[in-house]
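Below is one structure, written out as structure tokens; the observations come after it.
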Amino acid sequence: MPNGGGMVKSTSSVALCASCDRCRARKTKCDGARPCGNCASKYMKKNKLTSIEGIDLSEFDCIYSPAKRRGPIPRGASSRKFSQSNMSQQSMQEQPSQNAEWPSAMQQMRPSGSNHQLQSNLFAQVMGQPQQQKNANFNGQNMMSNIPNNPDDLQQQINMLQQLQQQQQQQQQQSMNGMGFGGGMKQAEPQQQQQPGVPNTITNHTHLLEPTDAEGGRLHAYYKLSIDELFRLPPTPTDDEYCTRLNTPGMTPQMIPGSQLAALSASRFAEIALGALVHGEVSLGMELCNAVVHCLRESVQEAVQPPTMIIVSKAYFLLAVFRAFRGDMLRYFKYRRVSMTYLSKIEDTAETAALLSAITYQDSWAYMVHNGNERLVPSVDDSIPQIAPVMRQSYANQTELKFDVRTDAASIASNPQNKSWVQGAPALYLNNEAPLNARSLDALACSIRTCCDQANQRFATIAKEAGNASVGDMIPLDTINTATTNAVQSHENELCSRNMVLSAYTLMQQDENTSKNKRVNEGQQLVISAMDAFLENSDEDGNGGFSDSQIQSLLSVCNITVENPHLLHHAGPTYHIVTNAAILLCHLLNGMYSMKGTENFGAMELTMFEEVLDTFTAARKLLTIHRRKLPVKLRCHGIPRPGLDPPAEGQPFIDLGNTLLCPCRGCQGFVLMACSPVVAAERAQEARARMAEESAQEQEALELGEIDRELDIMGEEFNVDDDALLNMISGMITN
């Protein structure tokens, strides 16, 4: 029977844990049976059984370990030890009310001495101390007034008293040495995980938000080197910077409301969550992502104030990016819409333009993987209502009139045609007041959308020529005549893909020349070089070969990737772009190899062949490693390697017929560029069938517990918190 501590009593009066060891390790709910439901389910799936009747209990590996005693200090010992201080007695009386609701504690507690006030608030609440006493402790004074419990020694009262005496002496020494906040924080950490009410994903990782924490700094560096290297999102302000931004006389970090502190911490958690994901620490990233969700739930307890609106919008966008990396497109589109909803209520600033340009570039990836077909996008209208249009009735300048577009952030975010992805004329690019980096990124996004529309047109034509009606029927007309295509056709000279890439390059150069630290944006340089190579015409003689500038651009793309592998983790289509650059190197190698043995293949051509082959081999290895980490539906081409034996006469050096095609038509065109219409249509159809088969195999392996079942179970638990947050937001928007 369960007792007050959540344990099970065996017949020998030995207290056992309420959950088996396997469920505790995986952090899943256990029903306490022998065997439990999870262990029984795993055994049946592994052995392909439908019942466990008659199977010996030892076969299930369902073990319940003895539990340590947990609970409060015995009354006698507590009264003897803490009767020395009236304030300590008051703390013990107030502890239940503080542990009951952690968000209210965040609002009430305002300790001093930290740039991350939420961390101090959580530690104060977890330790169960009243606010006045907690402030004193973190200032390095009166640290003897309330000493935290150590549950590991609660089984023996004498040992507990000795432990408390040692802690008293240590804390007195720290107070005299001026250690204050740091010492208190480190001693509180073990206790955090045992207090009810506060989400473990916050209490376990709050220390990562400290500017002096090396582990948090490492995760933030991964985020800066990958996702933010291209986006350059507005940085999350420190508490002191935020007080300055409020422009309120006498405002101090201790006076910031709890909901606004939660918003600041949500943005900080989101950054390091993506950093953990980039470095392959998926489990940690998911826990930090869950911490973001809990912080955002607290931040919306009150109406989001204008100073925090851009911070909240950024946090939701980073949540959407995290979900996109995990292949959860439904929640990606939900979080994206919430982020855009907040953006529609913010005045035009450099920060809003930077965030909106990042969303636009990320949208170009969603546009690509869905082949521009909004029918394939999960519907989120029922859960997150559409944004009410706030577009201005009149045009602000001649540029808006010419291109029939509004260039302010609120109008872009609330435009109904942008509900799934930003499309049409590149509004940010046309806004001369927007930051140069944001305008450049928006121009690249427009160019990518245009290329996707052209790929749809090309494949529809191929299907028609091949007489394959099934392929043609799968390409709706509205994915060809899109809002972007209509805008480009109306202003061909200004908005064609080639000119947009050249404009993006010019803006990038201007941005680098005007920046104080002469920062080189390698992420944008990579994307621009690749797009320049993709869009460049063939040689003047029309023989379909590669020009010298194309070859240099393709080599530059792959070399930048080899030198900076984290760039593959750019949010958006960068990974697909680099993969297609490697595919073009395959075509180049095949063309050069076919010339081997002729008079046109001399020493210079041999040197170039070896250089291209080395670059391709290195880039292919990185792309293969990155591809394996992605969900099947998000993978780009699986690129074949050169054969060990020389190919037969007339055969290519690298057989691109063995390529595992990406489901995006814009990417398929790079592999099938040398194929006849009939072959191209057949290969595209085979690619869809193979992708469906790989997805089914991945799902089957996941159900059998062969592929990261622990992460899948953790994700299911955290999804509940995500859905609760989205339901709260849905109700707020509706009302």
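Remember, predicted model here, so these are calculated numbers, not experimental data.
The backbone N or O of G657 lies less than 3.5 Å from a partner atom in the side chain of D655, making a donor-acceptor pair. Panel note: side chain Q362, backbone G572; a donor-acceptor pair is recorded below 3.5 Å. A donor-acceptor contact shorter than 3.5 Å is absent between the side chain of N564 and the backbone of L567. When atom types are taken as modelled, the side chain of R331 and the backbone of D722 share no donor-acceptor pair closer than 3.5 angstrom. A distance-only check finds a donor-acceptor pair linking the side chain of S299 to the backbone of L296 [under 3.5 Å]. Remark: the backbone N or O of E271 is not paired with any side-chain donor or acceptor of H220 at under 3.5 angstrom. When atom types are taken as modelled, the side chain of Y575 and the backbone of H570 share no donor-acceptor pair closer than 3.5 angstrom. At least one donor-acceptor pair closer than 3.5 Å links the side chain of T624 to the backbone N or O of R620. Between the side chain of H370 and the main chain of A366, a donor-acceptor pair closer than 3.5 Å is present. When atom types are taken as modelled, the side chain of S51 and the backbone of E53 share a donor-acceptor pair closer than 3.5 angstrom.
Between S41 and N38, every side-chain heavy-atom pair lies at or beyond the 4.5 Å cut-off. Between F317 and F322 there is no side-chain heavy-atom pair separated by less than 4.5 Å. Contact check for F60 versus I52: side-chain heavy atoms found under the 4.5 Å cut-off. Side-chain contact between C636 and R627: absent, with no pair of heavy atoms (C-beta onward) separated by less than 4.5 Å. Contact of the C62 side chain with the R22 side chain is not registered, since no non-hydrogen atoms from C-beta on lie closer than 4.5 Å. Counting heavy atoms from C-beta on, the side chains of V377 and W421 come closer than 4.5 Å. In this structure the side chain of I55 reaches within 4.5 angstrom of the side chain of Y43, judged on heavy atoms. Within the 4.5 Å cutoff, the side chain of C23 has no heavy atoms near those of the K29 side chain.
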Between R268 and E210, does the salt bridge (charged side-chain N to carboxylate O under 4.0 Å, His left out) criterion hold? Intermediate values first, please. CA-CA 10 Å; R268 294 163 186 156; E210 275 297 304; over 6 Å; no
Show, in sequence, the C-alpha distance, side-chain angles and deciding distance for C662 and R635, and conclude whether the side chain to side chain contact (heavy atoms under 4.5 Å, CB included) test is met. CA-CA 6 Å; C662 173; R635 293 174 181 173; over 6 Å; no
Take F459 and N371 through the side chain to side chain contact (heavy atoms under 4.5 Å, CB included) test and state the conclusion after the steps. CA-CA 11 Å; F459 271 86; N371 291 311; over 6 Å; no
Test side chain to side chain contact (heavy atoms under 4.5 Å, CB included) applied to L277 and Y222, step by step: CA-CA 9 Å; L277 197 63; Y222 286 125; over 6 Å; no
Show your reasoning for whether side-chain hydrogen bond (donor to acceptor under 3.5 Å, both in side chains) applies to N200 and H205. CA-CA 8 Å; N200 286 338; H205 304 302; over 6 Å; no
Criterion side chain to side chain contact (heavy atoms under 4.5 Å, CB included) on L656 and I583, from CA distance to verdict: CA-CA 8 Å; L656 289 174; I583 289 291; 4.2 Å; yes
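Separation of atoms CD (E287) and CG (L284) is listed at 6.5 Å; rounding is to 0.5 Å. In this structure, C452 SG and W365 CH2 are separated by 12.5 Å, a value rounded to the nearest 0.5 Å. Atom CG in L16 sits 9.5 Å away from atom OH in Y64 (nearest 0.5 Å). Atoms CG and SG, on L672 and C667 in that order, are 11.0 Å from each other to the nearest 0.5 Å. Here F269 contributes atom CZ and L208 contributes atom CG; the two are 7.0 Å apart, rounded to the nearest 0.5 Å. L274 CG to I227 CD1: the interatomic distance, rounded to the nearest 0.5 Å, is 4.0 Å.
Across all their heavy atoms, L726 and I384 have their closest contact at O-CD1, 3.8 Å. Annotation for C295 and I202: closest pair SG-CD1, 4.0 Å, computed over non-hydrogen atoms. Nearest approach of F616 to P642, heavy atoms of both residues: CE2-CD, 4.1 Å. When all heavy atoms of I272 and L209 are compared, the pair lying nearest together is CD1-CD2, 4.1 Å. Contact between R336 and K419 at its shortest, heavy atoms only, is NH1-O, 3.0 Å. Nearest heavy-atom pair, K334 versus S383, reported as atom, atom and distance to 0.1 Å: CE-OG, 3.2 Å.
The stretch residues 274-283 participates, sequence neighbours left out, in these salt bridge (Lys or Arg N to Asp or Glu O under 4.0 Å) pairs: R218-E281. Within the structure, no pair that satisfies the salt bridge (Lys or Arg N to Asp or Glu O under 4.0 Å) test touches residues 365-374, not counting sequence neighbours.
A donor-acceptor pair shorter than 3.5 Å can be found between the side chains of N290 and H294. In this structure, a donor-acceptor pair under 3.5 Å is present between the side chains of S339 and S313. Between S65 and D21, the side chains place a donor N or O and an acceptor N or O closer than 3.5 Å (distance only, hydrogens not considered).
With a 6.0 Å radius and a threshold of 12 heavy atoms from other residues, nucleotides or ligands, D61 has its CG atom at or below the threshold.
Under the rule for a ring-ring contact (aromatic ring centres under 6.0 Å, His included), the partners of Y342 that lie at least two apart in sequence or sit in another chain are Y316. With sequence neighbours excluded, no residue forms a ring-ring contact (aromatic ring centres under 6.0 Å, His included) with Y361. Scanning for ring-ring contact (aromatic ring centres under 6.0 Å, His included) contacts around Y332 gives an empty result, with sequence neighbours left out. Listed by chain and residue number, V278, H566, H569 satisfy the side-chain contact (heavy atoms from CB on, under 4.5 Å) test with S226 (two or more places apart in sequence, or in another chain).
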